[in-house]
2 protein chains.
Amino acid sequence: MNDSNDFNDEVLKLSNQLCFAAYSTALAFNSVYKPLLDGLGLTYPQYLAMLVLWERDDRAVKDIGQALHLDSGTLTPLLKRLEAAGLVVRTRSREDERQVRITLTPAGRALREKAKAVPPRILAACDLSAPKMLELKDQLVALRDQLTASLD
Amino acid sequence: MNDSNDFNDEVLKLSNQLCFAAYSTALAFNSVYKPLLDGLGLTYPQYLAMLVLWERDDRAVKDIGQALHLDSGTLTPLLKRLEAAGLVVRTRSREDERQVRITLTPAGRALREKAKAVPPRILAACDLSAPKMLELKDQLVALRDQLTASLD
DNA sequence: TGTAATTCAATTGCGCGCAATACAATTGCA
DNA sequence: TGCAATTGTATTGCGCGCAATTGAATTACA
């Protein structure tokens with residue numbers, strides 16, 4: 001009886017510990033990215049937005065939001081800052097005036113080259129083999145999607 | 001040559017993907033915790049602080065910060081909010097007047113019972129076996145510590 | 001002992017994240 | 001066609017996270 005209660009307690013604690021592990025790992029990643037991204041004049045969420053736009057630009061805010069799991073409350077000011085920095089242009093779509101389409105400026109496109117210095121540094125900081133990284137990434141994505149699905 | 005370049009590119013992308021996976025999983029966890037913690041009147045970081053204090057209170061701000069990987073810039077206002085909510089008391093230490101010691105109020109201690117409803121819900125939302133959770137947690141903690149160590 | 005260095009907490013400023021709300025454009029449907 | 005429902009973006013407000021700075025208390029050590 002004591003044994004099974006202890007076991008139960010441990011499992012319950014584990015859920016708190018797993019969440020804290022994800023939380024603190026995300027913060028640690030941010031600490032590693034920060035000095036690298038400072039050189040690009042970007043924050044980490046801004047870097048994520050640029051990664052998405054480098055793949056394909058002329059996207060609606062909503063589209064970027066779906067890629068990054070962020071809403072307009074976060075993205076609108078972020079994209080305005082990228083625009084103020086001269087990296088993107090925000091234009092009301094002619095076909096659907098509700099949409100604002102985001103396109104890269106030449107400076108925004110040019111930043112991609114400078115940004116190539118970032119991933120090797122992150123890779124080194126992780127000190128993980130490629131298979132281990134892939135496995136961990138896949139497990140996290142599966143957990144994230146399961147958590148999101150659990151919200152109904 | 002193309003093969004090895006492609007492979008290299010994939011590995012470099014992987015570091016971005018692993019970080020994004022950690023980032024988005026942490027946000028997803030927060031979304032799951034939020035409705036549960038609303039019932040306690042706590043945010044997730046406040047819940048973390050209470051977890052630490054329920055284990056042992058009469059702690060310095062610095063001590064809590066080390067447990068949560070947070071600094072005084074984050075904790076001072078957070079702890080003031082917990083104090084305003086009547087859950088903790090902040091007192092300048094008599095032995096070392098630089099320190100502010102945090103103790104639980106009866107209401108803060110009492111909240112622990114209500115908080116017991118949280119972990120089972122998180123456990124259910126994760127939909128993972130205990131061994132899988134433990135493995136993932138350990139991998140994340142190892143990665144987090146490696147990332148922190150890489151900052152020199 | 002006296003002074004410099006260190007430690008601890010608080011404060012300021014900025015950029016997220018997100019809920020709630022607002023508003024205009026578009027869509028759906030009676 | 002007309003009107004309600006939906007969609008896309010923006011805005012406001014709040015609580016982090018963290019860098020940078022301040023100021024007071026303590027420690028180290030010359």
Side-chain angles (χ1 to χ4, degrees), chain A residues 20 23-35 37-38 40-50 59-66 68-85 88 90-102 144 148 151, chain B residues 20 23-35 37-38 40-50 59-66 68-85 88 90-102 144 148 151:
Chain A
F20 178 67
Y23 165 81
S24 55
T25 302
L27 295 185
F29 259 124
N30 197 49
S31 297
V32 174
Y33 270 98
K34 189 162 201 327
L37 295 180
D38 278 349
L40 308 181
L42 296 175
T43 64
Y44 179 66
Q46 289 168 7
Y47 172 69
L48 289 180
M50 293 302 289
R59 283 169 179 258
V61 174
K62 177 100 181 178
D63 187 19
I64 299 173
Q66 279 167 351
L68 303 184
H69 299 100
L70 295 174
D71 68 0
S72 73
T74 300
L75 282 176
T76 295
L78 184 154
L79 293 168
K80 281 187 174 179
R81 276 174 220 116
L82 291 182
E83 186 176 43
V88 307
R90 300 163 58 251
T91 323
R92 280 276 161 198
S93 166
R94 209 78 78 218
E95 309 95 58
D96 183 344
E97 297 236 342
R98 290 170 305 181
Q99 293 186 12
V100 168
R101 304 199 71 84
I102 312 297
R144 179 196 68 199
T148 303
L151 294 172
Chain B
F20 178 66
Y23 165 81
S24 54
T25 301
L27 295 185
F29 259 123
N30 199 46
S31 298
V32 174
Y33 270 98
K34 188 163 200 330
L37 295 181
D38 277 351
L40 308 181
L42 296 176
T43 64
Y44 179 66
Q46 288 169 8
Y47 173 69
L48 289 180
M50 292 302 289
R59 283 167 179 260
V61 174
K62 175 98 181 181
D63 186 20
I64 300 173
Q66 279 168 350
L68 303 184
H69 299 104
L70 295 174
D71 68 0
S72 73
T74 299
L75 283 176
T76 295
L78 184 155
L79 292 169
K80 282 187 175 178
R81 276 175 220 114
L82 291 182
E83 186 175 43
V88 306
R90 300 162 59 251
T91 321
R92 280 277 162 200
S93 166
R94 210 77 77 217
E95 308 94 60
D96 183 343
E97 296 236 341
R98 291 171 304 180
Q99 293 185 11
V100 169
R101 304 198 71 85
I102 313 296
R144 179 197 69 198
T148 302
L151 294 172

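On a predicted model such as this, the values are computed, not experimentally measured, just so you know. So that the names make sense, note that chain A is the first sequence line, chain B the second, and so on, each numbered from 1.
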J.: For the pair made of CG in B:D71 and P in C:dT12, what is the distance, rounded to whole Å?
T.: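 Taking CG of B:D71 and P of C:dT12, I get 16 Å after rounding.
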
J.: If you take the centroid of each ring, where Trp contributes its six-membered ring, are A:Y44 and A:F29 closer together than 6.0 Å?
T.: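 That pair fails the under 6.0 Å test.
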
J.: How close or far is atom C1' of D:dT11 from atom CZ of A:R81, stated in whole angstroms?
T.: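 Checked: the CZ to C1' distance equals 13 Å.
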
J.: Of all residues at least two apart in sequence or in a different chain, which pass the side chain to side chain contact (heavy atoms under 4.5 Å, CB included) check with A:K34?
T.: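 Checked A:K34 against side chain to side chain contact (heavy atoms under 4.5 Å, CB included); matches are A:D38.
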
J.: Are any of the side-chain heavy atoms of B:R144 and A:L27 separated by less than 4.5 Å?
T.: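 The answer is no; the side chains never approach within 4.5 Å.
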
J.: OP1 or OP2 of D:dC16 sitting under 4.0 Å from any side-chain N/O of A:Y23?
T.: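 Checking A:Y23 against D:dC16: no side-chain N or O falls below 4.0 Å of OP1 or OP2.
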
J.: In B/S/- notation, 5' to 3', how is nucleotides 2-11 of chain C contacted by protein heavy atoms closer than 4.0 Å?
T.: -----BSBBB

J.: Specify the separation, in whole Å, of atom CG of B:L78 and atom P of D:dC18.
T.: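 The distance from CG of B:L78 to P of D:dC18 comes to 13 Å, rounded to the nearest Å.
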
J.: Is there a side-chain contact between A:T43 and A:L37 (heavy atoms, below 4.5 Å)?
T.: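 Side-chain contact under 4.5 Å: no.
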
J.: For B:Y44 and C:dG17, what is the distance between atoms OH and C1' respectively, to the nearest whole Å?
T.: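 It works out to 16 Å between those atoms.
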
J.: To the nearest 0.5 Å, what is the distance between OG1 on A:T74 and NE2 on A:H69?
T.: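 It is 13.5 Å, given to the nearest 0.5 Å.
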
J.: In this structure, how many angstroms lie between the C1' atom of D:dG23 and the CD atom of B:E97, rounded?
T.: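 For the pair B:E97 CD and D:dG23 C1', the rounded distance is 14 Å.
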
J.: Hey, what do you get for OG1 (B:T25) to CZ (B:F20), rounding to the nearest 0.5 Å?
T.: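 Between B:T25 OG1 and B:F20 CZ, I get 9.0 Å after rounding to 0.5 Å.
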
J.: When the nearest nucleotide of DNA chain D is assigned to B:R94 and to A:L27 on a heavy-atom basis, which residue is associated with the more 5' position?
T.: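 Nearer the 5' end of the strand: A:L27.
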
J.: Give a yes/no answer on whether the side chain of B:T43 brings an N or O atom under 4.0 Å of OP1 or OP2 in D:dC16.
T.: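 The answer is yes; a side-chain N or O of B:T43 sits under 4.0 Å from OP1 or OP2.
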
J.: Calculate the interatomic distance between B:E95 atom CD and D:dT27 atom C1'; express it in whole Å.
T.: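 Answer to the nearest Å: 16 Å.
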
J.: Expressed in angstrom and rounded to an integer, what is the separation of B:L37 atom CG from C:dA19 atom P?
T.: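 The distance from CG of B:L37 to P of C:dA19 comes to 13 Å, rounded to the nearest Å.
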
J.: Please identify each residue that fulfils side chain to side chain contact (heavy atoms under 4.5 Å, CB included) with A:L75, with sequence neighbours left out.
T.: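 Only A:V61, A:I64, A:L70, A:L79 meet the side chain to side chain contact (heavy atoms under 4.5 Å, CB included) criterion with A:L75.
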
J.: Rounded to the nearest Å, what distance is computed from the CG atom of residue A:L70 to the C1' atom of nucleotide D:dG8?
T.: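 So the CG-C1' distance, A:L70 to D:dG8, works out to 16 Å.
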
